[in-house]
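Contents: one structure, followed by commentary.
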Number of protein chains: 2
Amino acid sequence: MKLEILTRNENQTVQNEIITKIRDLIVYKNLEPGDKLPAERVLSDKFGVSRSNVREAIRKLEFYGILASKPQSGTFVADIGQIAMNGMMEDILSLEEPDFKSLVETRILLELKTVRLAAQRRTEADLIRLKAALDAYSEKVNNQEDAVQEDLLFHLAIAKASGNSSMNTFMLIITPEIITNFEKYHVCDKDLAITGIQEHQDIFDAIKQQNPQLAKDKMKVHFKTLYQYCYNI
Amino acid sequence: MKLEILTRNENQTVQNEIITKIRDLIVYKNLEPGDKLPAERVLSDKFGVSRSNVREAIRKLEFYGILASKPQSGTFVADIGQIAMNGMMEDILSLEEPDFKSLVETRILLELKTVRLAAQRRTEADLIRLKAALDAYSEKVNNQEDAVQEDLLFHLAIAKASGNSSMNTFMLIITPEIITNFEKYHVCDKDLAITGIQEHQDIFDAIKQQNPQLAKDKMKVHFKTLYQYCYNI
DNA sequence: CAATCCAATCTGGTTAACCAATTTTGAAAT
DNA sequence: ATTTCAAAATTGGTTAACCAGATTGGATTG
């Protein structure tokens, strides 16, 4: 178990070192936006690491929009300017793994917005999906079963109905870690789940009748218990 | 230019097909959380695709917390349950590229929160970084130069000072696309930048004197122009 | 019969050779 | 001197062989 974390950290370290070297190279060679980076083979040779490591690092920087690879052509510095690039790389290198508090804080922020947007923009198809998620949750709870997954799928359905793909993506990113932490700290016990049904129903109704303010208020009620748990850890 | 998008889409399509097949396999084999997925070689053979493609798909699912690879051991289904996994995979497959409106909407939401958190939690080290970013911006503007990058680096410094690593990460993800869109639509012109200096200064002061509400209000003022531009596109 | 140990096997990771598309180059033609 | 164009070099992507650590299963031993 410990090993898994160790190797991942080690891998992370290697990748960060490569990112640092790429940054230094860009600065040293004074590469402007749109300029071409040296070939992957050259970089792996120069840095003394494997080419796949270099590719991974490039992929990560691609994910953050700093580089862009064009097949059979080369890897290019994005059009965001050297200063921004330098600052962003610094930030990426110093990024920490999110703690539970950050996750919950972010989730609450996102959801109070997505629920309002969902109430404004939901289509009929969204309503159908929301209803299905709601029913799945209720059924599990009524059968005295654990319903953490169904709970969060309902919330993901709201994010989807918000029509904001960035927020939808971000909700997807934080959800698995939320689930595992919930199960670790036993946040959602069965007695809470019963009240959860009504709360979900209220949120659903507010979205259905397209009342953003009500939807947000009902979501706040739903999060009340979560607040308490979260800030006691 | 068109080609680059085409190949990326094609690549995306292949990857999504593999993700679909992995999902189907998990359902078909009724794999529970913690169970081991077939080896990468087996999957690439069964799906008729290259092993590197399989690895990429696994990496993506790892990013979203659905799978976890352990070196020399295997790839395992995460402890989030089959129902959640299935629903999340569906969502991941249907994710769209974020449009400019989504990006700005998300940015405003995030920043109105990070600026408050920064006012509450900023350390002395944060203040120094914020001041440096502020000065860099002012200097560029006073020299009549384009300062979009310095502008956003100031905002990233706020995100870092918020002490919430999730929000910090998300700001980093959306920033490059914001920059390129800004430059495409010419959102930040030079006459605006002059007033921007005072607005940045106000935000900085509010953070320094640890006044969350004032910080948020000043940020709202700063976003006023952005609102107008954003909803006219 | 249970515990132990070692070798065969299986795993994700790494490496190097290969591929096809792109870019460069320089000689030939105008 | 300029343009053309095909061949050679360069590129990211792909493939297959290889590596070292983990797992497994059965033979051995107490």
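Predicted model, so just to flag it, every value in this text is computed and none were measured. Here is the naming used below: chain letters follow the sequence lines, and residue numbers restart at 1 for every chain. Worth knowing before you read on, the calculation uses all heavy atoms, side chains too, and leaves out hydrogens, waters and symmetry mates.
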Check: Would one find a side-chain N or O of B/Ser73 under 4.0 angstrom from OP1 or OP2 of D/dT23?
Finding: yes
Item checked: Under the ring-ring contact (aromatic ring centres under 6.0 Å, His included) test, residues paired with A/Phe76 that sit two or more places apart -> none
Checklist line | Expected output: side-chain B/Gln149 to main-chain A/Ala84 donor-acceptor under 3.5 Å | finding: yes
Checklist line | Under the side-chain hydrogen bond (donor to acceptor under 3.5 Å, both in side chains) test, residues paired with A/Arg122 that sit two or more places apart | finding: none
Checklist line | For atom CD of A/Glu56 and atom P of D/dG13, their distance in whole Å | finding: 13 Å
Can you give each donor-acceptor pair under 3.5 Å made by side-chain atoms of residues 162-175 of chain B, sequence neighbours left out, with the distance rounded to 0.1 Å?
residue: B/Ser162; atom: OG; partner: B/Ala159; partner atom: O; Å: 2.6
residue: B/Ser162; atom: OG; partner: B/Asn164; partner atom: N; Å: 3.2
residue: B/Asn164; atom: OD1; partner: A/Thr106; partner atom: OG1; Å: 3.3
residue: B/Asn164; atom: OD1; partner: B/Ser166; partner atom: N; Å: 3.0
residue: B/Asn164; atom: OD1; partner: B/Met167; partner atom: N; Å: 3.0
residue: B/Asn164; atom: ND2; partner: A/Ser102; partner atom: O; Å: 3.2
residue: B/Asn164; atom: ND2; partner: A/Glu105; partner atom: OE1; Å: 2.7
residue: B/Asn164; atom: ND2; partner: A/Thr106; partner atom: OG1; Å: 3.4
residue: B/Thr169; atom: OG1; partner: B/Ser165; partner atom: O; Å: 2.7
residue: B/Thr175; atom: OG1; partner: B/Met171; partner atom: O; Å: 2.6

Notebook entry, point to check: Can you list the residues that meet the salt bridge (Lys or Arg N to Asp or Glu O under 4.0 Å) rule with B/Lys60, with sequence neighbours excluded?
Noted result: none
Item checked: Distance in angstrom units between A/Lys70 NZ and C/dT22 C1', rounded -> 9 Å
Can you give each donor-acceptor pair under 3.5 Å made by side-chain atoms of residues 17-25 of chain B, sequence neighbours left out, with the distance rounded to 0.1 Å?
residue: B/Thr20; atom: OG1; partner: B/Asn16; partner atom: O; Å: 2.8
residue: B/Arg23; atom: NH1; partner: B/Glu90; partner atom: OE1; Å: 2.5

For nucleotides 16-18 of chain C, print each protein N/O atom paired with a nucleotide N/O atom at under 3.5 Å, atom names and distance only.
residue: C/dC18; atom: N4; partner: A/Arg41; partner atom: NH2; Å: 3.1

Check: Which whole-number value in Å describes the distance from A/Asp45 CG to D/dT10 C1'?
Finding: 15 Å
Item checked: Geometric class of the A/Phe223/A/His155 ring pair [parallel <30°, tilted 30-60°, perpendicular >60°] -> parallel
Item checked: Rounded distance (Å) that lies between atom C1' of C/dT22 and atom CZ of A/Phe76 -> 10 Å
Check: Which of residues 26-40 of chain B have a heavy atom under 4.0 Å from DNA chain C?
Finding: B/Ala39, B/Glu40
Notebook entry, point to check: Which residues satisfy the side chain to side chain contact (heavy atoms under 4.5 Å, CB included) test with B/Gln72, sequence neighbours excluded?
Noted result: none
Check: More 5' along DNA chain C: A/Ser52 or A/Gln72, using each one's nearest nucleotide?
Finding: A/Ser52
Please report, to 0.1 Å, the donor-acceptor pairs under 3.5 Å made by any side chain of residues 36-44 of chain A, with sequence neighbours excluded.
residue: A/Glu40; atom: OE1; partner: A/Arg51; partner atom: NE; Å: 3.0
residue: A/Glu40; atom: OE1; partner: A/Arg51; partner atom: NH2; Å: 3.1
residue: A/Glu40; atom: OE1; partner: A/Arg55; partner atom: NE; Å: 3.0
residue: A/Ser44; atom: OG; partner: A/Arg41; partner atom: O; Å: 2.9

Next item on the list: Please state whether the phosphate of C/dG12, meaning OP1 or OP2, lies under 4.0 angstrom from any side-chain nitrogen or oxygen of B/Thr75.
Entry: yes
Notebook entry, point to check: Counting just side-chain N and O atoms, does A/Arg55 come under 4.0 Å of either OP1 or OP2 of D/dG12?
Noted result: no
